[in-house]
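As the structure is a computational prediction, the values presented were derived from the model and not from experiment. No hydrogens, no waters, no symmetry mates; every other heavy atom, side chains included, goes into these values. As the structure lists them, so they are numbered: ligands from 1, and atoms in each ligand from 1.
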Amino acid sequence: MKKILIGLCALGIAGYNVSATAGNGKMHKHQKHLNRTLRPIIRQLGLTGDPLIGRDVPDINSPEAQLGMELFFSKSLGGDRDSACVTCHHPLLGGGDRLALPIGTESEDPDLLGPGRENDEGVDGATLPPVPRNAPTTFNVVAWDTFQFHDGRVQSLNSVPGANGSAGGIRTPNSEFGVADPLAGGNLVQAQARFPVTSREEMKGFNHNPYSDQDIREFLAARLGGYDGPEVLGDNGEALADEDPLNDSGYWLAKFEDIFGGDVNQPETMITEQRVSMLIGEYERSQAFANTPWKSYVEGNNWAISANAKRGAILFFTSSEQGGANCSSCHSGDFFTDESFHNLAMPQVGSGKGNGADGSKDFGRARETGLQDEATDKFAFRTPSLINVEVTGPWSHAGAYATLGAVIKHHSNAANAIENFDDTQLAAEGVSNLDKMQENTLEALNFSSFELETLNLSDMQVGFLVEFLKTLTDPCVTDNTCLAQWIPVAGEGDTNGDQLDAVIIDSSFPQ
Ligand code: HEC
Ligand code: HEC
């Protein structure tokens, strides 16, 4: 035991020259000093280290989460059967896709996920990837109480801490701003899960254009159940049918019957879009990974994190007036987010969300609130949680940064970071559009909503902050054996052949 402690201690001090040759006694003294600074900060902020306390987290082995997992991995929910939820949210890829900008439908190889995935046109194709924002992780979506999406377009109208949006109405893109969508479902995660299937670029594909949002959801439920979906007329005025129906709807009907009971001979009441989204949501909500070294430290284990991580934590939680980096003013609480929106002028790479004269901009939160001239909303995006942030890169709303150090340097001096932006990773993905990026990002930087102070952190301080962020990683998310519970066994299950058994050629984590 003693040996391990000394090992940890030495690791912690690595890179901190003063102590590199000091004796163990001195190192311990150092740690004590850091603990004496950090513990009162933790007490004062009322942190527990655990963003999941008191939450209703479904067990991955529950029947709902199990069937939800199959649906999450099923290309049957892609209009053209070439994209599934997991296409952009794979557990082995940090609950995202490890790409700056995702590729959903019309990929070269639908089952190849992560780096190497290409649009049909290929990397050299002239077009930018059609999905304009980075895919956030599905890990710990059970811990959000107010917003889903970078711009919060799914919103709990009665946000209650710990309730995951289950305590009242939920606004979605299918209802007016501030008005509850009657079909949103029981919590924020179910409400969100009803939207990817409506996006041509993500899942709907381009052969189902005439389908409205609700029609495509009902069409897909009907496909699973093998019954007639909503009547939708094509360009020639004739009703559209599923050109690619499943061979074996009985597979899904039996699974739904196991959970909901009822009569498989009435498939239209057995498999409904509401049940599909609820089940997918339960699977996602079971992805609760927050058993971190940081939690262990907050709970009292002084040896759970390194000395440099403690230095990073002190910077993180201390205001700039007191010499800190002020990170927790936005990344607050145990989930490390204020669930609010801020303009950080993160590089606007990719095709944009159709805003501005040429459509290449993304106005962020202002797209929802309509308050485009107000200082608070334009170019503002939701503060991400930092739990497991080590494995959820590339980072920021358009995936512009390939290392944690680079994201932190942006926070430290945004103008500098934009000017010296390194597009190597983006060029490799075929996403680089440097000129437009500079133009659009500088507009955000110079807009009144821009919120960052210039900290000019030293490289050493950035290093400490990175060390701290790495203590927010639950060991399960870097352990394939642990994650296996959240991945269906390849080649088993769905008799329709639509289970997406991912081919991942590069699962290394950028640092
Ligand atoms: C082509 C890639 C792609 C596919 C397929 C896809 N997503 Fe996403 N997902 C994204 C992107 C991009 C965003 C962020 C969009 C935004 O904020 O505007 C997102 C956002 C989310 C979020 C919000 C997380 C948060 O922190 O707010 C959840 C949850 C989610 N997706 C779940 C799903 C589910 C469930 C499915 C299947 C029904 C799915 N996704 C299919 C790319 C994808
Ligand atoms: C003014 C509020 C604010 C402050 C202060 C702040 N952040 Fe952020 N942070 C955000 C927002 C908002 C984003 C997402 C912005 C975007 O993508 O456009 C973000 C993004 C990040 C990301 C990328 C996460 C991801 O999933 O893409 C990291 C890492 C991060 N911040 C760490 C820090 C650190 C470390 C500090 C202190 C040096 C800090 N932040 C200070 C609001 C803030």
Side-chain angles (χ1 to χ4, degrees), residues 68 71-72 74 77-78 83-89 95-97 99 101-105 107 129-141 143-144 147-154 188-199 201-203 220 276-277 280-281 283-285 312 315-316 320 324-332 336-338 340-348 353 362 364 367 379-386 388-390 392-401 404 406-412 444 450-453 455 457 461-462 465-466 468-469:
L71 293 164
F72 193 89
S74 178
L77 290 179
S83 178
C85 303
V86 75
T87 299
C88 307
H89 301 285
D97 59 2
L99 297 171
L101 297 168
I103 296 165
T105 53
S107 64
V131 181
R133 290 183 184 159
N134 179 260
T137 184
T138 51
F139 295 167
N140 297 320
V141 281
W144 293 102
F147 296 110
Q148 286 286 274
F149 289 120
H150 294 293
D151 54 18
R153 62 188 183 275
V154 165
L188 283 170
V189 184
Q190 179 181 2
Q192 193 285 334
R194 299 175 65 249
F195 284 89
V197 297
T198 69
S199 154
E201 296 80 9
E202 290 189 5
M203 291 178 77
L220 294 167
V276 169
S277 54
I280 291 176
Y283 164 68
E284 294 178 276
R285 284 161 26 85
L315 280 169
F316 190 95
S320 48
N326 204 28
C327 312
S328 60
S329 63
C330 300
H331 297 282
S332 54
F336 291 87
T337 170
D338 55 4
S340 187
F341 303 87
H342 305 277
N343 172 8
L344 267 53
M346 286 287 183
Q348 183 55 55
K353 270 293 246 188
D362 185 341
R367 293 169 48 80
F379 302 116
F381 294 87
R382 189 190 62 182
T383 307
S385 164
L386 299 177
N388 299 314
V389 70
E390 180 184 7
T392 62
W395 294 272
S396 79
H397 71 268
Y401 286 115
L404 277 175
V407 193
I408 297 175
K409 283 184 183 155
H410 179 104
H411 281 76
S412 163
F450 179 71
E451 255 185 80
L452 289 173
E453 17 177 6
L455 298 166
L457 300 170
Q461 288 175 313
V462 172
L465 284 164
V466 170
F468 168 58
L469 292 184

Contact (N/O only, under 3.5 Å) between R153 and ligand 1: yes
Identity and distance of the protein heavy atom lying nearest atom 23 (C) of ligand 1: Q148 OE1, 3.6 Å
Proximity of A84 to ligand 1 by residue part, where a heavy atom lies under 4.0 Å: backbone
Atom pair CG (N134) and CZ (F381), whose distance is rounded to the nearest 0.5 Å: 11.5 Å
Closest approach of any protein heavy atom to atom 37 (C) of ligand 1, naming residue and atom: C85 SG, 1.8 Å
K409, Q461, H411, E390: member with heavy atom nearest to atom 30 (C) of ligand 2: H411
Under 3.5 Å: N/O of Q192 near N/O of ligand 1: yes
Atom pair CG/CZ of N388 and F336 - distance to nearest 0.5 Å: 11.0 Å
Whether F316 and H331 hold their rings parallel, tilted or perpendicular, with breakpoints at 30° and 60°: tilted
Residue that, paired with D362, satisfies side-chain hydrogen bond (donor to acceptor under 3.5 Å, both in side chains) out of R133, K353, R367: R133
H410 vs L452 side-chain heavy atoms within contact, under 4.5 Å: yes
H150 and H397 aromatic ring geometry - parallel, tilted or perpendicular at 30°/60° bounds: perpendicular
Structural part of H150 in contact with ligand 2, heavy atom criterion under 4.0 angstrom: neither
Atom 12 (C) of ligand 1: the protein heavy-atom neighbour that sits closest, reported with distance to 0.1 Å: R133 O, 3.1 Å
Backbone or side-chain N or O of F147 under 3.5 Å from ligand 1 N or O: no
Ligand-residue contact atoms, ligand 1 with V131, heavy atoms, under 4.0 Å: 12 (C)
Atom 15 (C) of ligand 1: the protein heavy-atom neighbour that sits closest, reported with distance to 0.1 Å: F149 CD2, 3.6 Å
Side chain, backbone, both or neither: L386 near ligand 2, heavy atoms under 4.0 Å: side chain
E451 neighbourhood, listing ligand 2 atoms whose heavy-atom distance to it stays under 4.0 Å: 1 (C)
Nitrogen or oxygen atoms of H331 and ligand 2 under 3.5 Å apart: yes
Ligand-residue contact atoms, ligand 1 with I280, heavy atoms, under 4.0 Å: 35 (C)
Atom 2 (C) of ligand 1: nearest protein contact (heavy atom, Å): C88 SG, 1.8 Å
Atom indices of ligand 1 within 4.0 angstrom of S83 heavy atoms, with elements: 5 (C)
Top protein contact for atom 7 (N) of ligand 1, by heavy-atom distance: H89 NE2, 2.9 Å
Heavy-atom proximity to atom 43 (C) of ligand 2, best of S396, C330, G324: C330
Which residue and heavy atom of the protein sit nearest atom 14 (C) of ligand 1, plus the separation: P136 CD, 3.4 Å
Per-atom contacts of ligand 1 with G104, taking only distances under 4.0 Å to non-hydrogen atoms: 1 (C)
Any side-chain heavy-atom pair of Q148 and R382 under 4.5 Å: yes
Short N or O distance, T137 and ligand 1, threshold 3.5 Å exclusive: no
Geometric N/O contact R382 with ligand 2, under 3.5 angstrom: no
Numbered atoms of ligand 1 (with element) below 4.0 Å of M203, judged on heavy atoms: 5 (C), 37 (C), 38 (C), 41 (C)
For atom 41 (C) of ligand 1, the protein heavy atom that lies nearest, with its residue and separation: P196 CB, 3.4 Å
Ligand-residue contact atoms, ligand 2 with C327, heavy atoms, under 4.0 Å: 34 (C), 35 (C), 36 (C), 37 (C), 38 (C), 39 (C), 41 (C)
N or O contact, E284 vs ligand 1, cut-off under 3.5 Å: no
Where ligand 2 meets V407 - atom numbers and elements under 4.0 angstrom, heavy-atom basis: 22 (C), 23 (C), 28 (C)
Ligand 2 atoms in contact with S329 (distance to a heavy atom under 4.0 Å): 5 (C)
Between SG on residue C85 and CD on residue E284, distance to nearest 0.5 Å: 6.5 Å
W144 to ligand 1, any heavy atom closer than 4.0 Å: yes
Where ligand 2 meets N326 - atom numbers and elements under 4.0 angstrom, heavy-atom basis: 5 (C)
Ligand 2-proximal atoms of H397, by part, heavy-atom distance under 4.0 Å: both
